[in-house]
Amino acid sequence: MNYKNILVETRDKVGVIQLNRPKAMNALNDQLMDELGDALLKFDADEKIGCIVITGSDKAFAAGADISAMAKYTYMDVYKGEYISRNWEHIRRVRKPVIAAVAGYALGGGCELAMMCDFIIAAETAKFGQPEIKIGTTPGAGGTQRLPRAISKAKAMDLCLTARIMDAAEAERAGLVSRIVPADKLLDEAFSAAAIIASMSLPIAMMVKESINRAYETTLTEGILFERRMFHGTFGTEDQKEGMEAFLEKRPPMFKNS
Ligand code: CAA
C-alpha cells in the first residue's frame, strides 16, 4: 500500500507510525485508518520488530474522526459501511506492544485511538477530550467504554457530557497516561520505552500484554487463572531458561524470541 496520510519508519527493533495530515490536525478519515491498519499489521508480522510507536505532530496527535467526511453520512451509510468499526479495529489485532506518543490535541477519535494503544506517553502539551457531544454525536470508537475504565465514571461523564478538554497533568493524575515529558523529549522517551520493550523476549511481552488486556474482559478469578496459565506457559519457552540463567550468572540475557 502506498501511504499518503502516515509516515512509517523503523528504528532498530521499533516500528514508528506518524499520523500525517497536518492541514486537518491529523483528522482520522477512512484512508488514514486503512493505512494505519495496514502499517500496524505489517509491523506485527515483521519478526524484526518488537514494539510499535504511534505518534502525531506537535499540534495534534489527532483531532478526531474527520468531520468533513462524516458530516453528510446517513445512518445507512455508517451502518452498512461499518464506518468507524471497519478499519478502527485493526489495532486490537496487533499482538505486539503499541505505545501512543501524544503531543497536542487527542480529541474524539484521537483520544480513542490513543486509548486503544497499550499505554500513552504524553507531552506536557497533550490535551485529551471526547467533545463529540458538541457536534451532535457520541464517541464512536470506544470513548464511552475505555474512558470510564481508565479514569473513572465521574471523569468520563464530565469529559463526554461537557466536552471539557483535560490537560496532560490531569490526564496523568487520572491514570490515562503513564508518564509526562517535556514536548521536545516526547519521541526520545517513547523510543527509549519502546526499545526497552523490544529488548525483552517478544513472546513473553506478548503474553504480558494479553494477560493485562484480559483484566478488562473477565472476572478477577478467571483473570488470575488466565495469568497463572500464561505464567506456567513461560516455562515452555527458551527465553525463560535464558532469562533466569542470565540472572543467576549475573550477565545480560540473550533472548531468542522462542
Ligand atoms: N475533522 C476534520 N477537520 C478537522 C478536525 C476534524 N476532527 N479537527 C480540525 N480540523 C481542521 C479544521 O477544520 C481546520 O481546517 P481548515 O484550516 O481547512 O479550516 C484545521 O483542521 C485546523 O483546525 P482549527 O482551525 O479548528 O484549529 P484550532 O487550533 O483553532 O482548533 C481544535 C483545534 C480544538 C482541535 C479544533 O479544530 C476542533 O475542535 N476540532 C474538532 C474536534 C472534535 O470535535 N473531534 C471529534 C470528532 S468526532 C469523532 O471523533 C467521532 C468518534 O468518536 C470516532
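Whatever order the structure lists them in is the order used to number ligands and atoms, beginning at 1.
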Residue list, side chain to side chain contact (heavy atoms under 4.5 Å, CB included) with Asp188, at least two apart or on another chain: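 Counting only residues at least two positions away or on another chain, Asp188 forms no side chain to side chain contact (heavy atoms under 4.5 Å, CB included).
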Non-hydrogen protein atom less than 4.0 angstrom from atom 12 (C) of ligand 1: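 Flag for atom 12 (C) of ligand 1 set to false, no protein heavy atom closer than 4.0 Å.
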Within-cutoff protein neighbour (heavy atom, under 4.0 Å) for atom 18 (O) of ligand 1: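 Given the 4.0 Å cut-off, atom 18 (O) of ligand 1 does not count as touching protein heavy atoms.
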List every atom of ligand 1 that sits less than 4.0 Å from any heavy atom of [X], numbering the atoms from 1 in the order shown and giving each element.
X	answer
Glu112	52 (C), 53 (O), 54 (C)
Gly109	49 (C), 50 (O), 52 (C), 53 (O), 54 (C)
Lys23	15 (O), 20 (C), 21 (O)
Gly140	52 (C), 53 (O)
Gly108	46 (C), 50 (O)
Met70	48 (S)
Pro139	53 (O)

Ligand 1-proximal atoms of Thr137, by part, heavy-atom distance under 4.0 Å: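 Under 4.0 Å from ligand 1, Thr137 contributes no heavy atoms.
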Nitrogen or oxygen atoms of Tyr105 and ligand 1 under 3.5 Å apart: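 Between Tyr105 and ligand 1 (N or O atoms, distance only) the closest approach is not under 3.5 Å.
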Close N or O approach (Ile67, ligand 1; < 3.5 Å):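 Among all N and O atoms of Ile67, at least one is under 3.5 Å from an N or O of ligand 1.
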Donor-acceptor pair between Gln18 and Asn20 side chains, under 3.5 angstrom: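 Asn20 and Gln18 do not have a side-chain donor-acceptor pair below 3.5 Å.
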Nearest non-hydrogen protein atom, atom 29 (O) of ligand 1: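 The closest one turns out to be Met25 CE, 3.6 Å.
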Residue pairs passing the side chain to side chain donor-acceptor pair (under 3.5 Å) test where at least one lies in residues 103-123, sequence neighbours excluded: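 Listed once each, the pairs are Asp118-Lys209.
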Parallel, tilted or perpendicular, as decided by the 30° and 60° cut-offs, for the rings of Tyr79 and Tyr75: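 Tyr75 and Tyr79: parallel rings.
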